[in-house]
Structure formats: C-alpha cells, structure tokens
2 protein chains.
Amino acid sequence: MKTPKEDFTPPSHCQLCKNRGHSAFHNLGAEDLDKISELKSCVSFKKGQVIMNEGSRPQGVYCIHKGKAKVYRVGTEGKEQVIRFATNGDLIGYRSILSDEPISASISALDDTYACYIPKSSFFKVIEENSKFSLNVLKLSCHELGEAGKMIASLAQKTVRERLAEILLVLRATFGEDEEGYIDLKLTREEIANMVGTATESAIRLISELKDQEYISTQGKRIKLLDRPALRQIAGVFE
Amino acid sequence: MKTPKEDFTPPSHCQLCKNRGHSAFHNLGAEDLDKISELKSCVSFKKGQVIMNEGSRPQGVYCIHKGKAKVYRVGTEGKEQVIRFATNGDLIGYRSILSDEPISASISALDDTYACYIPKSSFFKVIEENSKFSLNVLKLSCHELGEAGKMIASLAQKTVRERLAEILLVLRATFGEDEEGYIDLKLTREEIANMVGTATESAIRLISELKDQEYISTQGKRIKLLDRPALRQIAGVFE
DNA sequence: GCAAATTTATGACATAAGTCATTGATGCCC
DNA sequence: GGGCATCAATGACTTATGTCATAAATTTGC
C-alpha cells in the first residue's frame with residue numbers, strides 16, 4: 001500500500017473543486033453550490049469495489065473527484081459488458097434517478113476513487129430550481145445517448161479488431177497517458193475484452209497482433225499507443 | 001394511392017392533440033402549449049423518406065403525430081444499423097439540439113408519417129422556462145440511455161437468434177398488432193436484419209427456423225408472434 | 001524472496017455467422 | 001394482366017470468432 005503524495009479528498013465546498021470547470025456544475029451560482037455542498041458527503045472506493053449495483057435504486061448521485069470507473073452490465077454466464085467509463089468531474093447514477101427506473105448497469109471502480117455523494121433530494125432541488133443546471137444535465141445525457149448510438153453501430157458492424165483499436169483510442173482519450181506514454185489505466189486483458197465485447201483469448205490474440213505490427217507496445221498490463229493514425233485507420237474513425 | 005379513411009393531420013393546437021397524454025408535453029400548462037403551438041408546423045413524410053440526415057444540424061425537433069420511424073447509423077459498405085424506433089407521441093431530433101452536436105444518426109419513415117415541427121427556439125424557450133417540461137425531456141433521454149445500454153450488452157453478448165427474438169418482441173411492444181394479430185409494421189427481411197445487426201440471409205434463415213418451430217408465422221412481410229413466452233425465453237428476457 | 005495464484009500467451013479445434021450464387025415468390029407498374 | 005423488379009428462401013462454402021486445453025509469464029501474499 002503506497003502512501004498518496006497528495007490528498008485526493010474532495011474539498012468540503014464545491015466552489016473550491018478543481019473539477020467544477022468541466023463538470024455539470026460549471027456554471028452554477030454560489031447559492032446553488034451552497035445547496036449542494038451543504039448535504040454532500042465524501043466517499044472513497046478501492047480499486048475493484050462496486051459503487052452501484054444493477055437493479056438497485058440509488059438514493060443519490062456521485063460526482064467523481066479523482067478516480068476511474070466503468071459502467072457495465074452483467075449478462076448470462078456472468079460475462080460483463082462495459083457500456084461506458086467515468087472519471088474526474090463525471091456524474092454517475094443520475095440516469096436511474098432521473099428516469100425513475102432501477103439502475104440498468106452496475107458501476108465499479110477501476111482504480112482507487114474519491115467521489116462526492118449528493119443525495120437525490122438536493123440534486124432534484126437544484127435541477128428543478130435552476131434551469132441552467134437542468135440544461136447541463138440534459139446536455140450530458142444527450143451527449144451520452146449519442147455515444148451509445150455510436151457504440152451500438154460499432155458493435156453491430158465492426159470486426160473485433162476494429163473495435164479493439166477503437167477502444168484503445170477511447171481509453172487513451174478518456175484517461176490520458178502517464179509520464180512514459182502508457183495509457184494511464186491498468187486493465188487485465190479480460191477487462192479489455194469486456195469493453196470490446198469479445199472473448200478474452202480473442203482480445204489477447206489481437207493485442208499481440210497489434211504489437212507485432214508495432215502499432216502498440218505493452219509492458220505487463222500497461223499499453224502504449226505507438227501509431228495512433230494507424231489505429232484510427234483500423235478503427236475506421238476519421239473524425 | 002389509397003385515400004385515408006381519417007385525417008391524420010395533427011390539430012393546429014397541441015391542447016387538442018390526442019397523443020399529448022403520453023408525450024413529453026403531457027403536463028404542460030396552457031401558456032406553454034400556446035407558445036409551442038404558435039410556431040409549430042405540420043409536415044408529412046412518405047414511407048421510406050429520410051426525415052433527418054446524419055451529420056446535419058437540425059433547426060428544430062419533430063413530434064410524431066401518427067406514423068413510424070427508425071433511427072439508424074450507416075456504416076462502411078452502406079449497411080444500416082437501427083438504433084431505436086419512434087412512433088406516435090415520440091420526440092425526435094432533440095438529442096442533437098440539446099447536446100449541441102451534429103445529428104449522430106439518420107431518421108427515416110417506416111410508414112407514411114405525420115409530425116409537428118417545433119423550431120429550436122420555441123423548444124428551447126419552453127425547456128428553459130418550464131422546469132416540468134425540462135424534467136420530462138430529461139426523463140426521456142435518461143430512459144433512452146438505459147435502453148441503449150441494454151442494446152449494447154445485447155449486441156455484445158447474445159447470439160443472432162436471441163437478438164432476433166428480442167427485436168420481434170420489441171417491434172410488437174412498440175408498434176402493436178393489427179386486427180389479425182400481426183405486428184403492425186411491414187418490414188423487409190433486410191430491415192429486420194439491420195435492426196438485429198446481422199446479415200440479411202442470416203435473418204431470413206432464423207425467421208424460417210422460428211416459423212418451423214411455430215413460434216411465429218408470416219404472411220409476406222407480415223409477422224405474427226404465436227408463442228411470446230417461448231420467444232421471451234429465447235431472447236433471454238424475463239422482466 | 002519464494003510459492004501460490006492470477007494473468008497472458010498459444011495451439012488446436014468447433015461453430016456461429018457471413019458471403020456468394022441460384023431459384024422461387026411477391027408485388028408493382030404501364 | 002403480364003412482365004419487371006424487388007424480395008425471400010435455400011444451398012454451398014468461407015471465415016471470424018469462440019471454446020477448451022496447456023504452458024509460460026506476471027503479480028501477489030506471506
């Protein structure tokens with residue numbers, strides 16, 4: 001267990017949060033931030049810990065302060081399918097609360113994660129009273145809806161190889177690189193397979209193939225993208 | 001060209017619209033409905049006609065008054081993947097407008113369709129001023145986000161046979177049955193394949209198989225579900 | 001620092017699903 | 001109402017991907 005160099009605990013008031021600028025709370029006034037800060041609480045999750053469980057009814061939302069999480073559904077045979085990721089500044093659990101349905105996907109921490117828990121009541125209050133915030137969340141959910149649509153088409157039409165290249169690019173774009181240029185997230189091959197939507201062995205084989213072609217390199221669980229234009233071409237992403 | 005028995009044109013005022021009860025406009029007050037009715041216009045689309053095109057920037061949303069539409073993305077090789085459906089009372093085009101992104105999927109009419117076009121400006125005005133409406137749309141997009149997540153897991157984990165059974169159940173639930181018990185929507189096998197995410201021939205083969213097993217029956221393009229519990233079991237849907 | 005446990009890597013093989021080709025059925029238009 | 005176009009059905013074959021088994025390499029825990 002290594003000692004953290006800095007304190008990852010979120011500040012007690014949202015006004016002081018450095019993630020606020022690129023979160024759904026970015027353009028809220030002091031009064032609304034007060035309302036949220038007042039009732040929020042800080043929580044932390046260890047790597048691998050389940051944050052929310054499919055089928056349950058969350059009593060609030062989490063705003064990730066520092067950490068990484070995956071949103072996934074468990075199918076028959078216990079196989080997971082990752083639907084999306086969340087990291088610093090991202091809101092999770094809001095979908096279920098707003099649609100008034102049980103959670104449709106589980107969420108677990110991909111890394112030690114620190115978050116603020118905002119109870120349903122304060123979240124709703126601000127949504128109802130502040131049209132700016134409501135519009136932010138609306139924008140967020142609509143954006144995610146678009147991404148989900150892209151993923152549906154991708155799963156239906158692309159090969160595993162194409163999807164693997166795509167996921168590697170997404171992971172890098174979402175979580176960034178460490179000092180040595182590796183994607184800043186350690187995942188087992190099985191977890192990567194669950195994101196791509198394929199068997200673990202297939203993912204391993206195709207990762208080896210990409211390595212042989214020198215489009216990527218790996219060191220244990222760490223993956224570095226060596227030739228992103230080539231990966232983009234494989235993925236069929238030209239945007 | 002057959003003459004319609006009734007007039008499918010939407011009423012000039014939303015207050016009189018019979019779909020309103022189960023649409024995002026269900027709990028709006030008279031003033032807001034005035035605001036929308038004032039600027040809305042009626043449009044109609046022939047079967048097969050494209051309503052919105054991937055990549056474009058819509059200047060308003062459509063509320064379907066009577067008709068059927070599919071939302072889909074076109075992949076390489078021109079193959080379509082259907083992402084979701086829309087019918088009476090459903091809102092389309094809102095995702096792009098609210099996330100301020102180009103349309104991520106095309107929409108076309110599966111049948112002659114009559115809709116109300118609501119310009120962006122009036123839509124936004126009501127969203128901003130009426131938190132009830134804003135919450136309705138939020139609820140809608142969050143619900144669709146959940147459905148999209150289910151579809152992602154389904155595509156990644158289920159066999160074509162399972163997904164076909166699932167889609168048949170969804171079609172029936174969405175569009176209902178005609179007097180003879182057939183799903184009230186005529187689709188080519190190719191279109192069904194594009195919904196399931198498979199090749200046309202595979203869809204045909206599996207439809208024949210389901211027919212042989214007497215879980216469904218067909219008459220031309222019309223499909224009747226004979227044994228829904230069995231289909232649910234195949235689909236792995238127990239909800 | 002070593003042993004156990006997990007994870008990665010590969011080979012061999014099975015199989016679901018895609019592709020190509022052909023025939024037969026339906027529906028549509030002048 | 002007959003011919004053309006589209007669509008459905010099926011067979012034969014290929015291929016991508018999944019499954020099972022085993023060995024090598026990491027990682028983890030004591």
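In the text below, chain A, chain B and the rest are named by the order of the sequence lines, each starting its count at 1.
Atom CD1 in B/Ile204 sits about 16 Å away from atom P in D/dT6, given to the nearest Å. Atom CD in A/Glu201 sits about 14 Å away from atom P in C/dT7, given to the nearest Å. For the pair B/Lys158 NZ and C/dA17 P, the interatomic distance rounds to 13 Å; values are reported in whole Å. In this structure, B/Glu190 atom CD and D/dA9 atom C1' are separated by 15 Å, rounded to whole Å. Nucleotide D/dC7 holds its P atom 13 Å from the CD1 atom of B/Ile192, rounded to whole Å. When the C1' atom of D/dT17 is taken as reference, atom CD of B/Gln157 falls 15 Å away, rounded to whole Å. Between the CD atom of A/Glu209 and the C1' atom of C/dT8 there is a distance of 16 Å, rounded to whole Å. The distance between atom NZ of A/Lys47 and atom C1' of C/dT6, rounded to the nearest whole Å, is 13 Å.
Comparing D/dG18, C/dA9, C/dC20 by their closest approach to the side chain of A/Lys211 singles out C/dA9.
Nucleic acid contact for A/Arg161: none, since no nucleic acid atom lies under 4.0 Å from a heavy atom of the residue. Among the heavy atoms of the strands, none lies under 4.0 Å from B/Gly220. Using a 4.0 Å heavy-atom distance criterion, B/Thr159 is classed as a sugar-phosphate-only contact. Counting any heavy atom pair closer than 4.0 Å across all strands shown, A/Thr198 reaches sugar-phosphate atoms only and no base atom.
B/Tyr182 carries B/Lys224 over the face of its six-membered ring, with the cationic atom under 6.0 Å from the centre and within 45° of the normal.
In this structure, A/Glu101 does not pair ionically with A/Arg57, as no charged nitrogen and carboxylate oxygen lie closer than 4.0 Å. One finds a salt bridge joining A/Glu209 and A/Arg161 here, because a Lys/Arg side-chain nitrogen approaches an Asp/Glu carboxylate oxygen to under 4.0 Å. For the pair A/Glu80 and A/Arg73, the salt-bridge criterion is not met [side-chain N within less than 4.0 Å of a carboxylate O].
Residue-to-nucleotide contacts include a donor-acceptor pair under 3.5 Å from the side chain of B/Arg205 to the base of C/dT19.
The aromatic rings of B/Phe45 and B/Tyr62 lie perpendicular to each other, with more than 60° between the two planes, well past the 30° mark.
Regarding contacts with the backbone of C/dT10, a side-chain N or O of A/Ser208 is found under 4.0 angstrom from either OP1 or OP2.
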